[in-house]
Trainee: 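Have a look at this one before I ask anything.
Start at 1 and go down the list; that is how both ligands and their atoms are numbered.
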Amino acid sequence: MTSPSQDDRRVVVIGSGPSGAIAARILAERNVPVILLEAGSTHSALGLTLRVAGVTVLNMRRQLRQRTNGVIKTGDPKTELWEDIAAGGLTNHWAGAVPRFSSDDFRDADRAGDAYRWPIGYEDLAPWYDQVEALLHVSGAATDVPQLPAGRVRRVRALAEDWSRVAVAARGLGRSVLPLPYAYESETTLTLSGTRFNAFVRLVKPALRTGRVSVRFDARVERLEWSRWDRRVSHVVYRDTRTGREERLACRAVVVAAGAVNSARLLLGSRSADFPEGLGNTEGVLGRYLHDHPQAKLIVDLDRRMSIHPATYISRASLDRTEPLYAAAAVQWTGTAIRAKSLLGGSPGRMPWIGFNVVGTMAPSRENGVMLDARPCPSNESAGLALHIQRPAESDGALTKTRDEILDVLDRVGAGPRMRLWKIEELGNSIHFAGTCRMHDSPRFGVLDAWSRIHAVPNVMVADSSAFTTGPEKNPALTAMALSARGSDKLARDLRAGYI
Ligand SMILES: Cc1cc2nc3c(=O)[nH]c(=O)nc-3n(C[C@H](O)[C@H](O)[C@H](O)COP(=O)(O)OP(=O)(O)OC[C@H]3O[C@@H](n4cnc5c(N)ncnc54)[C@H](O)[C@@H]3O)c2cc1C
């Protein structure tokens with residue numbers, strides 16, 4: 001049992017994906033008692049991953065599923081919604097690519113106008129990237145390029161020789177070519193989870209040893225309770241999904257990290273007389289500005305074999321060559337299956353074809369968002385969610401321009417590229433939803449302040465990619481974790497100082 005004094009001091013963290021896990025860890029390190037509420041069950045993170053010198057030898061993991069129950073899609077009906085209600089969240093499946101946002105990404109948002117301006121800049125995040133990267137054991141390039149800072153790299157990766165010539169050709173198009181940074185990529189590891197870095201296994205489990213973190217599984221949070229008198233959230237209400245009982249937990253502060261869709265839904269459902277449209281939703285922006293990374297798959301046949309490891313990253317084009325907030329980068333396919341094929345083909349590490357995920361951006365729009373579905377729904381855990389998102393035409397333009405430039409540079413280095421496949425995927429396919437509780441100096445454009453706290457409810461922080469003001473074409477988990485670590489550190493300082 002927790003003593004009443006601990007009840008008063010504790011912070012409730014909701015969700016044990018990478019954003020919630022790093023929050024729990026940072027708070028515990030700063031002597032703040034934490035209860036982590038996780039909707040997944042005790043054994044939900046189970047799996048097995050064996051990697052030897054950076055090659056996956058054995059992998060067993062949960063199945064990743066699309067959520068279909070109780071979701072209506074009011075924008076593009078083909079939008080995909082993938083989630084994993086499990087300890088570690090989507091890190092039960094992720095690939096571990098961890099690029100930083102760059103100064104240019106923040107400048108890109110600035111030039112798009114007031115509504116898109118982040119309340120923080122790269123320099124605010126850099127020390128937190130450093131801290132998080134140390135936990136992620138990153139392998140990657142050692143030198144900065146304008147589109148991608150090198151960061152705190154544990155194992156330096158150099159571009160394969162044949163790609164160095166592509167890098168020279170791409171420079172003329174304002175693009176950089178370098179190895180993409182990955183977490184725990186080059187190490188020999190045996191992990192009791194479906195990936196080499198599951199946030200619950202790597203971050204929360206060690207934090208349990210501090211004695212300041214406890215976890216409740218099967219705890220599906222349903223709402224946060226606002227206290228009119230104290231002017232703060234005083235309780236978190238959750239459903240114990242094993243017993244069906246509703247439970248109430250007193251708290252000093254809350255960190256919401258249920259993922260960009262579920263966090264917004266939870267806050268929208270936390271209504272009170274003071275906040276009839278959802279917690280802190282004074283300007284009607286909560287849930288809006290949902291965005292994703294429009295993504296395409298590209299396969300190119302070649303006249304000669306090219307290296308497939310380390311995975312090459314062809315960055316977005318420089319700001320002077322792109323419209324504000326529209327760009328795309330490409331990530332080369334690698335991994336054990338392709339490496340095995342290259343071995344069988346008699347040229348270890350080199351293939352006569354290469355594949356890419358071409359990952360683009362969409363400018364956040366007020367029209368896209370997560371809403372509560374007003375229509376009566378069957379009573380199930382995901383009832384009442386309306387997802388509204390549509391891909392702007394400019395996104396397809398940025399993807400195809402990137403495809404054409406990749407073919408162009410491969411041609412210029414004499415690789416003889418012939419496009420075998422080009423497929424633009426449905427929205428949601430990149431599993432990078434963000435922006436629903438965005439940071440902004442003004443509550444008119446974002447529900448969170450510069451410390452990821454709700455403007456009107458300072459004892460609630462939103463720690464996941466919902467906080468993104470814009471969505472640069474980089475994989476989001478590292479930046480979500482850096483924002484979460486930064487906000488959690490500030491929360492711990494404010495709790496200690498008695499500001500909350
Ligand atoms: C196949 C695949 C590959 C990917 N590769 C990459 C990559 O290389 N790099 C990258 O940056 N990203 C990648 N991603 C995306 C990345 O995994 C997510 O961006 C990241 O996990 C999001 O972290 P999160 O903490 O915000 O949310 P999640 O990981 O979704 O975690 C949310 C947590 O909240 C819990 N939860 C939800 N609702 C409630 C509730 N009501 N009450 C209590 N708990 C709740 C969930 O059970 C879960 O534990 C990939 C995803 C997939 C599926």
Trainee: Purely on distance, is any nitrogen or oxygen of A87 under 3.5 Å from one on ligand 1?
Mentor: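 It does not: no N or O of A87 is found under 3.5 Å from an N or O of ligand 1.
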Trainee: Name the closest protein heavy atom to atom 24 (P) of ligand 1, giving the residue it belongs to and the distance to 0.1 Å.
Mentor: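 Looking only at protein heavy atoms, the one closest to atom 24 (P) of ligand 1 is S19 OG, 3.4 Å.
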Trainee: Does any N or O of ligand 1 fall below 3.5 Å from an N or O anywhere on G40, backbone included?
Mentor: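 Not met; the criterion fails.
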Trainee: Hey, is A199 touching ligand 1 through its side chain, its backbone, both or neither, going by heavy atoms under 4.0 Å?
Mentor: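 None of A199 does.
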Trainee: Are any of the N/O atoms in A95 less than 3.5 Å from those in ligand 1?
Mentor: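 N/O-N/O distance below 3.5 Å exists for this pair.
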Trainee: Can you report which non-hydrogen protein atom sits closest to atom 19 (O) of ligand 1, along with the distance?
Mentor: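 Answer, as residue, atom name and distance: P476 CG, 3.7 Å.
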Trainee: Return yes if a side-chain donor-acceptor contact under 3.5 Å exists between Y238 and R216, otherwise no.
Mentor: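 Side-chain D/A pair, Y238 to R216: present.
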Trainee: So, regarding V221 and ligand 1 (criterion: nitrogen or oxygen to nitrogen or oxygen, under 3.5 Å), is there a contact or not?
Mentor: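 Between V221 and ligand 1, an N or O pair is found under 3.5 Å apart.
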Trainee: Does E425 pair with K423 as a salt bridge, N-O distance under 4.0 Å?
Mentor: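 Judged by the 4.0 Å cut-off on N to carboxylate O distance, E425 and K423 do form a salt bridge.
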Trainee: Of the side chain and backbone of V98, name the one, both, or neither that has a heavy atom under 4.0 Å from an atom of ligand 1.
Mentor: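 Neither; nothing of V98 gets under 4.0 Å from ligand 1.
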Trainee: Mind checking whether E38 has an N or O less than 3.5 Å away from an N or O of ligand 1?
Mentor: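 Between E38 and ligand 1 (N or O atoms, distance only) the closest approach is under 3.5 Å.
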Trainee: Check each of D104, D108, D105 against K474 using the salt bridge (charged side-chain N to carboxylate O under 4.0 Å, His left out) test, and report the only one that passes.
Mentor: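 The residue from D104, D108, D105 that satisfies salt bridge (charged side-chain N to carboxylate O under 4.0 Å, His left out) with K474 turns out to be D105.
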Trainee: In terms of side-chain geometry, is the basic nitrogen of E187 or R51 positioned less than 4.0 Å from the acidic oxygen of its partner?
Mentor: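 Salt bridge: no.
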Trainee: Considering only heavy atoms of A86, which atoms of ligand 1 have at least one such atom less than 4.0 Å away?
Mentor: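 Listed by number with element: 47 (O), 48 (C), 49 (O).
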Trainee: Please report the interatomic distance CD1(I35) to SG(C251), rounded to the nearest 0.5 Å.
Mentor: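 These two atoms lie 9.5 Å from each other.
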Trainee: If we only count N/O pairs under 3.5 Å, is H93 in contact with ligand 1?
Mentor: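 No, H93 has no N/O under 3.5 Å of an N/O on ligand 1.
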Trainee: Say whether S139 and S186, considering side chains only, have a donor N or O and an acceptor N or O under 3.5 Å apart.
Mentor: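 Their side chains do contain a donor-acceptor pair, which is all the 3.5 Å distance test asks for.
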Trainee: What protein heavy atom lies closest to atom 29 (O) of ligand 1? Include the residue and the distance to one decimal.
Mentor: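 Closest protein heavy atom to atom 29 (O) of ligand 1: L90 N, 2.8 Å.
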Trainee: For the side chain to side chain contact (heavy atoms under 4.5 Å, CB included) test, which of N198, L135, L136, T91 pairs with L203?
Mentor: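 Of the listed options, the one satisfying the test is L135.
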Trainee: Give me the nearest non-hydrogen protein atom to atom 15 (C) of ligand 1 as residue plus atom name, then the distance to 0.1 Å.
Mentor: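 Looking at atom 15 (C) of ligand 1, the protein heavy atom closest to it is I431 O, 3.6 Å.
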Trainee: Ligand 1 versus A219, non-hydrogen atoms closer than 4.0 Å: side chain, backbone, both, neither?
Mentor: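 For A219, the contact with ligand 1 is made by the backbone alone.
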Trainee: Which atoms of ligand 1 are found less than 4.0 Å from any heavy atom of A257?
Mentor: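 In order of number, 32 (C), 33 (C), 34 (O).
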Trainee: Is D240 salt-bridged to R242, cutoff N-O under 4.0 Å?
Mentor: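 Counted as a salt bridge, because a side-chain N and a carboxylate O are separated by less than 4.0 Å.
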Trainee: Give me the nearest non-hydrogen protein atom to atom 10 (C) of ligand 1 as residue plus atom name, then the distance to 0.1 Å.
Mentor: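 Answer, as residue, atom name and distance: N475 CB, 3.4 Å.
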Trainee: What heavy-atom pair brings S270 and R223 nearest, and what distance separates the two atoms?
Mentor: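 Closest heavy-atom pair between S270 and R223: OG-CA, 3.5 Å.
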Trainee: Which bit of D84 gets closer than 4.0 Å to ligand 1, counting heavy atoms only: side chain, backbone, both or neither?
Mentor: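 Within the 4.0 Å criterion, D84 contacts ligand 1 through backbone atoms alone.
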Trainee: So, applying ring-ring contact (aromatic ring centres under 6.0 Å, His included) with F101, which one of F468, Y129, Y122 is it?
Mentor: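 Considering F468, Y129, Y122, a ring-ring contact (aromatic ring centres under 6.0 Å, His included) with F101 is found only for F468.
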Trainee: Check whether any N or O atom of A97, backbone or side chain, sits under 3.5 Å from an N or O atom of ligand 1, and answer yes or no.
Mentor: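 Yes, A97 has an N/O under 3.5 Å of an N/O on ligand 1.
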Trainee: Relative to the heavy atoms of L37, which atoms of ligand 1 are at a distance of less than 4.0 Å?
Mentor: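 Selected atoms, number and element: 43 (C), 44 (N).
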Trainee: Just by modelled atom types, is the S307 backbone N or O under 3.5 Å from a matching donor or acceptor in the W163 side chain?
Mentor: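 Side chain of W163 to backbone of S307, a donor-acceptor pair under 3.5 Å: yes, one is there.
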Trainee: Show the atoms of ligand 1 that are less than 4.0 angstrom away from any heavy atom in I14.
Mentor: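 By the 4.0 Å cutoff, the relevant atoms are 42 (N), 43 (C).
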Trainee: Going by atom types only, do S452 and R486 share a side-chain donor-acceptor pair under 3.5 Å?
Mentor: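 Per modelled atom types, S452 and R486 side chains form no pair under 3.5 Å.
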Trainee: Looking at ligand 1, does any of its N/O atoms fall within less than 3.5 Å of an N/O of I85?
Mentor: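 Such a contact does not occur with ligand 1.
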Trainee: State which residue, out of V13, L483, I26, fulfils the side chain to side chain contact (heavy atoms under 4.5 Å, CB included) condition with S488.
Mentor: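 When V13, L483, I26 are each tested with S488, the side chain to side chain contact (heavy atoms under 4.5 Å, CB included) holds only for I26.
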Trainee: With a 4.0 Å cut-off on N to O distance, would you call D373 and R265 a salt bridge?
Mentor: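 The answer is no: the pair does not qualify as a salt bridge.
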Trainee: Please report whether ligand 1 has a polar contact with A477, defined as an N or O pair separated by less than 3.5 Å (distance criterion only).
Mentor: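 Right, the criterion is met.
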Trainee: Atom 22 (C) of ligand 1: which protein heavy atom is closest, and how many Å away?
Mentor: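 Residue, atom and distance for the closest contact: P18 CG, 4.1 Å.
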Trainee: Hey, is CG on L192 packed in by over 12 heavy atoms from elsewhere, all under 6.0 Å?
Mentor: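 No, CG of L192 has 12 or fewer neighbouring heavy atoms, counting only those of other groups under 6.0 Å.
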Trainee: Run the numbers for me: atoms of ligand 1, each under 4.0 Å from some heavy atom of D464, listed by number.
Mentor: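 Near D464, meaning under 4.0 Å from one of its heavy atoms, ligand 1 has 26 (O).
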Trainee: Using a strict 4.0 Å cut-off to heavy atoms of G17, name the atoms of ligand 1 that fall inside it.
Mentor: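 Near G17, the atoms of ligand 1 are 25 (O), 29 (O), 31 (O), 33 (C), 49 (O).
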